[in-house]
Structures are given as structure tokens and as C-alpha cells.
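Since the structure comes first, as C-alpha cells, the remarks are kept for the end.
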Amino acid sequence: MKILLAYSSRTGNTKKVAEGVYEVLPDNSYMVPIDEGIDPNKFDLIIVGFWVDKGMADEKAKKYMEQIKGKKVAVIGTLGAYPDSDHAKKTMIRVRELLERENEVVAEFLCQGKVDPKLIERFKDLPPDHPHGMTEERRKRHEEASKHPNEDDIREAQEIFKNLIKSLEKGEEKCN
Ligand SMILES: Cc1cc2nc3c(=O)[nH]c(=O)nc-3n(C[C@H](O)[C@H](O)[C@H](O)COP(=O)(O)O)c2cc1C
């Protein structure tokens, strides 16, 4: 089984999770920044790493996902919101909808990632009733996000992908 992990990361959070996941992939797997433009369709399993931008996978990751056809795909995402929030759930629904048009989504992992401090500075100038204005709830969320991805996040992602690989390898054995 040929595995590609292609990630998009602006400030390093998604890259950090991708590197953790890569450690538990079989030795002959590839990890590349999405910018390198490797053809995903040469692989059997494609893991796409993205960061959330306006409630969707970032533009580069989205464009990359659109190229994948007839494959098993898994995703790793990081975002500023809590992973169990409605915003996170809706984001994942959008990502799945995009991928499931042409592919089978076999695993997903989402965790918080620290938000670019420059962006937070800009939010501070907005009125509190603005969707991004600074309220106590948002300040707390940013503070929590600033601690992620942490070791527990990486471990959780690794467990998901270890199990995925095991089950895919079992499936391959059955076919042989
Ligand atoms: C321009 C911009 C837009 C963002 N939009 C969202 C968003 O819609 N929802 C969210 O939960 N986080 C949002 N974030 C937070 C990032 O998704 C989060 O910090 C992510 O971990 C960044 O990943 P990276 O370090 O791999 O670039 C945004 C961040 C930036 C800079």
C-alpha cells in the first residue's frame, strides 16, 4: 500500500501533527508539503493535512483534495475552535462532502492549533458584537488553542492512524 501524507500549514500547527502521524506510517510512506504538488493519484491512501480557514479546509488543501479521485483518503485538520464545537463539526461535514464526491474517507483527526497572534491582535480592535470581536469566551478559547497541538493531540492522532493502517493491511491480506 503506497501512502502519501500531503499537508498544508501556514504557521506550523498542522505540520507538527503531520510529523507525528508520519512517525507511525509504514517506512515506505511519503510526507510532503502540499505545495510540492505531488500527484496524489499515484498513491493508494492519501492523508491530507489542512488548517481551517473560514469554516473550510484552507484553499491550498481544498484545491488538492479536489484532484483526488477514486481513492481512500484520510484527513488531519487543526483549527482555532474547539474540536467538539458546532463550527468544527460543520467544517468536517464540508470537508467530507468535498472528498466523498469521488473518494472514500477512512479516517479523520481534528485538534486545536494556536491562532496566529497577528490575527488575534486584529480581533481586539473589533466591537464585541462582531463575530470575531473579543469576548471573554473567545479570549479563553484562544488561550486554550495556544496550548495546541500538544503531546496528547499527537498521541491521539497517532493512535487513529496506527489503527487505520492495521485495518487496511488486514483488508489487503484478505484480498491476497
Ligand atoms: C486567516 C485565518 C483564518 C482562520 N479561520 C479559522 C476558522 O474559520 N475557524 C477556526 O476554527 N480557526 C480558524 N483559524 C485558525 C487556524 O485554523 C488555526 O490556528 C490552525 O491551527 C492554523 O494551522 P497552521 O499552523 O498549520 O497554519 C484561522 C486562522 C487564520 C490565520
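Just so you know, ligand 1 is whichever comes first in the structure, and atom 1 is the first atom listed for that ligand. Here the structure is a predicted model, which is why all the values come from computation and not from measurement.
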Is Met56 isolated, or which residues cluster with it under the ILVMFWY side-chain rule of less than 4.5 Å, directly or via members? Leu4, Tyr30, Val32, Ile34, Ile38, Phe43, Ile46, Val48, Phe50, Val52, Tyr64, Met65, Ile68, Val73, Val75, Leu79, Met92, Val95, Leu98, Leu99, Val105, Leu110
Are Glu169 and Lys166 within salt-bridge range, i.e. N to O under 4.0 Å? no
Show the numbers, then the answer: is there a salt bridge (Lys or Arg N to Asp or Glu O under 4.0 Å) between Glu159 and Lys162? CA-CA 5 Å; Glu159 278 310 304; Lys162 265 193 237 169; 3.2 Å; yes
Between Asn13 and Lys114: side-chain donor-acceptor atoms closer than 3.5 Å: yes
Without hydrogens or angle criteria, can the side chains of Thr11 and Asp116 be said to hold a donor-acceptor pair below 3.5 Å? no
Ligand 1: protein residues within heavy-atom distance under 4.0 Å: Ser9, Arg10, Thr11, Gly12, Asn13, Thr14, Trp51, Val52, Asp53, Lys54, Gly55, Thr78, Leu79, Gly80, Ala81, His87, Gly113, Lys114, Val115, Leu119
Can you check whether Val21 reaches Leu25 side chain to side chain, under 4.5 Å on heavy atoms? yes
